[in-house]
Amino acid sequence: MTALSRWHDLIEASDPAGLEDLIAEGAVFESPIVHTPQVGKAITVKYLASALRLLNNGTFRYLGEWRAEGSAVLEFACEVEGVAINGVDMIWWNPAEQITRFKVMVRPLKAINTLHRAMGEMLARG
């Protein structure tokens, strides 16, 4: 099973349990909220699990997908606290089918501000 199909399965199930196996050691997570890349499996899993709980709330859907060798860009839309969010997940994986890099970009500014607050609250709670 490919890393991308495993990612889609996690989204479909809305269950972050599979992230530990899917994310590579030394993975890098890049967020529209945090200025510096977050390096390491543990922090990448933490951010992705939190994002999965916040964004995959019944409104989340992928709108398009563009693939290359070892990477893909997935455009998404969802709603959080009544705010429409549009963004892209850029995902890279290794030959072992583990995600090595995950970059998220979000628009508009109101969505970024809403995510910044909501993700901060969620991460603070653990």
Side-chain angles (χ1 to χ4, degrees):
M1 183 176 278
T2 68
L4 191 56
S5 63
R6 289 167 61 199
W7 174 253
H8 280 296
D9 288 348
L10 283 173
I11 296 297
E12 182 70 28
S14 194
D15 181 9
L19 285 171
E20 282 292 329
D21 292 333
L22 182 57
I23 305 302
E25 294 296 331
V28 176
F29 179 77
E30 295 173 88
S31 163
I33 310 301
V34 181
H35 177 67
T36 58
Q38 303 299 296
V39 180
K41 180 177 183 167
I43 194 74
T44 300
V45 167
K46 182 177 180 176
Y47 273 94
L48 288 174
S50 294
L52 183 63
R53 284 192 297 275
L54 181 65
L55 300 177
N56 202 4
N57 58 19
T59 65
F60 186 92
R61 66 195 181 285
Y62 279 118
L63 305 174
E65 186 172 304
W66 299 267
R67 297 181 191 196
E69 185 67 33
S71 66
V73 176
L74 290 74
E75 181 185 10
F76 67 86
C78 65
E79 197 173 293
V80 172
E81 299 175 0
V83 176
I85 297 172
N86 176 239
V88 293
D89 292 333
M90 292 183 274
I91 306 170
W92 291 261
W93 55 87
N94 62 22
E97 298 297 337
Q98 289 183 303
I99 293 174
T100 57
R101 183 175 173 205
F102 201 109
K103 181 187 281 190
V104 181
M105 295 185 176
V106 171
R107 61 167 298 280
L109 180 58
K110 185 174 184 177
I112 292 171
N113 292 334
T114 299
L115 287 176
H116 182 253
R117 184 192 46 72
M119 281 290 289
E121 291 171 0
M122 183 174 285
L123 289 167
R125 287 192 305 265

Are [X] and [Y] packed together at the side-chain level, in the sense that at least one heavy-atom pair is separated by less than 4.5 angstrom?
| X | Y | value |
| --- | --- | --- |
| L54 | M119 | yes |
| V34 | Y47 | yes |
| L115 | V106 | yes |
| L4 | L74 | yes |

[atom1] of [X] to [atom2] of [Y]: how many Å apart, nearest 0.5 Å?
| X | Y | atom1 | atom2 | value |
| --- | --- | --- | --- | --- |
| E30 | R101 | CD | CZ | 4.5 Å |
| F60 | E79 | CZ | CD | 14.0 Å |
| S31 | M105 | OG | CE | 11.0 Å |
| R107 | I85 | CZ | CD1 | 11.5 Å |
| E121 | S50 | CD | OG | 12.0 Å |

Verify the cluster assignment for F29 and M90: are they in a single hydrophobic cluster under the rule of side-chain heavy atoms below 4.5 Å apart?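 No, no single cluster joins them.
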
If Ile, Leu, Val, Met, Phe, Trp and Tyr residues are connected whenever their side-chain heavy atoms lie under 4.5 Å apart, and connections chain through other members, are L52 and I33 in the same group?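 Yes.
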
Evaluate W7 against L48 for side chain to side chain contact (heavy atoms under 4.5 Å, CB included), listing each step before the verdict. CA-CA 11 Å; W7 174 253; L48 288 174; 4.2 Å; yes

Here the side-chain hydrogen bond (donor to acceptor under 3.5 Å, both in side chains) pairs for residues 81-99, sequence neighbours left out, are Y62-D89, E75-N86, E81-R117

Set out, in order, the CA-CA distance, both residues' side-chain angles and the distance that settles side chain to side chain contact (heavy atoms under 4.5 Å, CB included) for V28 and T100, then state yes or no. CA-CA 6 Å; V28 176; T100 57; over 6 Å; no

Donor-acceptor under 3.5 Å (T44 side chain, G40 main chain): yes

Say whether, by atom type as modelled, one donor and one acceptor occur between the side chain of K41 and the main chain of E20 under 3.5 angstrom. yes

Please name the pair of heavy atoms, one in [X] and one in [Y], separated by the smallest distance, quoted to 0.1 Å.
| X | Y | result |
| --- | --- | --- |
| L10 | L22 | CD1-CD2, 3.6 Å |
| A27 | I99 | CB-O, 3.8 Å |
| P16 | S14 | CD-O, 4.0 Å |

Within residues 6-16 or reaching into it, pairs that qualify as salt bridge (charged side-chain N to carboxylate O under 4.0 Å, His left out) - sequence neighbours excluded: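 Not a single pair qualifies under salt bridge (charged side-chain N to carboxylate O under 4.0 Å, His left out).
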
Stepwise side chain to side chain contact (heavy atoms under 4.5 Å, CB included) check, W66 with V88: CA-CA 11 Å; W66 299 267; V88 293; 5.6 Å; no

With distance as the sole criterion, is a donor-acceptor pair present between the side chains of H8 and E65 under 3.5 Å? yes

Output all residues satisfying side-chain contact (heavy atoms from CB on, under 4.5 Å) with A77, sequence neighbours left out; order by chain, then residue number.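 Once residues adjacent in sequence are excluded, the partners of A77 under the side-chain contact (heavy atoms from CB on, under 4.5 Å) criterion are R61, L63.
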
Could you go step by step and tell me if F102 and I23 meet the side chain to side chain contact (heavy atoms under 4.5 Å, CB included) rule? CA-CA 10 Å; F102 201 109; I23 305 302; 5.8 Å; no

